[in-house]
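Counting starts at 1 for both ligands and their atoms, following the listed order.
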Amino acid sequence: MKVPLLDLKAQYQTIKDEVIAATQALYETQRFILGPEVEKLEEQIARYCHTRYAVGVSSGTDALLISLMAAGIGPGDEVITSPYTFFATVGSIVRVGATPVFVDIQEDTYNMDPEAISDKITKQTKAIIPVHLYGQCCDMEPILELARSHHIMVIEDAAQAIGAEYRNRRAGSMGDMGCFSFFPSKNLGAFGDGGMVTTSSDVLYESLKRLRVHGSSPKYYHKVVGGNFRLDALQAAILRVKLAYLEQWTSARQANARRYRALFSHEGLNDFIGLPIEKNGRHIYNQFVIAVQSRRDDLKRFLSEAGIGTEIYYPVPLHLQPCFEYLNATKGSFPMAEAAAEKTLALPIYAELTDEQQAYVVRKIKAFYSS
Ligand SMILES: *Cc1c(COP(=O)(O)O)cnc(C)c1O
């Protein structure tokens, strides 16, 4: 049996006719940059995320970059975030000329620890970027409270968390801006790169729209320098087809998570494997990440030989990346993030995964620990 980490071909088979119809209709219009398809998607995403506005952009990375630009963050400013995230979160802070300031993560959710934040706030702090890792929101209430009392912005990195909720509030609607990615492996994936910024602020919305087109407003008149951060109409048309299925796919991922829990306890694996915990709301399981107490890399190899795809998100926390050496963090600076990097393993959780495939995955993990 083969169980890939993600099977986008299986998903495509269920939406193929609609995708082909939507893209063919777009070919007839020959309007490929922004335009009505992007505007319709923006309205739908804003509604889905419970915000007033959404601005389609070229990737999740560019969503972060343009948000930092819209927030006016630059050289001399500090931005607090997690060292246990995808590179783009921190890369974007550096690209606008600001300094990333890390706080450690919580052991159980892998999300930023709110209690570690206040010690890191200085006069230079301009924003906090909580990352809703794996599809579960950070503990937002204390983060929002700190931000309010210090007058600093909150930019949610919701790239992995579309539709996730914290106490009935949607990811991307709690901070000043929310950043989403439509990279194909995200829960709502395009046929290429794409992203979105959500906001309910009129000022930020206007700024984001201007920055997306080189800062021009009206066309060919520039008060600020932006970039080409535009979303393709073709991607928007495909995403509009897929958005109609997102709730259904999310429910299937949640059902798969429940099935894993039952299988793991049935096989008596709970001493070897820590399962993801659900805290404060709706987890949308972009990843189902287990904590492997020992021999994680051997287990990964064993599963790979059995035809099972897994991945380590992420093997090196960002404070230990060579390009961030100048920040002067060392091994031991963020022990929870470092421990996570040694234990985490993402298992297949995609919506089309079958009962048989899941049972096979858990059986193989059992076999590994029985040998
Ligand atoms: C995927 C991801 C991004 C970047 O998105 P791209 O669309 O790949 O540029 C940023 N942050 C996190 C946490 C991500 O998972």
Report, in ascending order of atom number, the atoms of ligand 1 lying under 4.0 Å from any heavy atom of [X].
X    : answer
V131 : 13 (C)
T61  : 4 (C), 5 (O), 6 (P), 9 (O)
T85  : 13 (C)
A159 : 2 (C), 3 (C), 10 (C), 11 (N), 12 (C), 14 (C), 15 (O)

Any N or O of G60 closer than 3.5 Å to N or O of ligand 1: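 Looking only at distances, the answer is yes, because the N/O contact criterion of under 3.5 Å is met.
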Polar contact flag for Q160 and ligand 1 (N/O pairs, less than 3.5 Å):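 N/O-N/O distance below 3.5 Å exists for this pair.
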Side chain, backbone, both or neither: the part of L133 lying under 4.0 Å from ligand 1 by heavy atom: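 L133 to ligand 1: no contact under 4.0 Å from either part.
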Nearest-option assignment for [atom], heavy atoms, candidates [options]:
atom                    : options                : result
atom 7 (O) of ligand 1  : A63, A158, S59, S181   : S181
atom 8 (O) of ligand 1  : F183, F182, Y313, F180 : F183
atom 11 (N) of ligand 1 : N286, D157, D62        : D157

Atom 3 (C) of ligand 1 - nearest protein heavy atom and its distance: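 Of the protein heavy atoms, F86 CD2, 3.6 Å lies nearest.
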Should [X] and [Y] count as side-chain neighbours, where that means a heavy-atom distance under 4.5 Å?
X    : Y    : answer
F191 : L234 : no
I93  : T81  : yes
P100 : L327 : yes

Within the 6.0 Å centroid threshold, strictly below: Y134 and Y285: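 No; Y285 has its ring centre 6.0 Å or more from that of Y134.
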Ring centre gap for F272 and F264 strictly below 6.0 Å: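 So the answer is no for these two rings.
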Salt-bridge criterion met for E247 and R282 (N-O under 4.0 Å):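 R282 and E247: salt-bridged.
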K120 atom NZ, neighbour heavy-atom count above 12 within 6.0 Å: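 Atom NZ in K120 is crowded, with more than 12 foreign heavy atoms closer than 6.0 Å.
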NZ or CZ of R170 within 45° of Y48 ring axis and under 6.0 Å: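 Ring-cation test returns yes.
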contact_flag K186 ligand 1 heavy-atom lt 4.0 Å: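 It does; at least one heavy atom falls under 4.0 Å.
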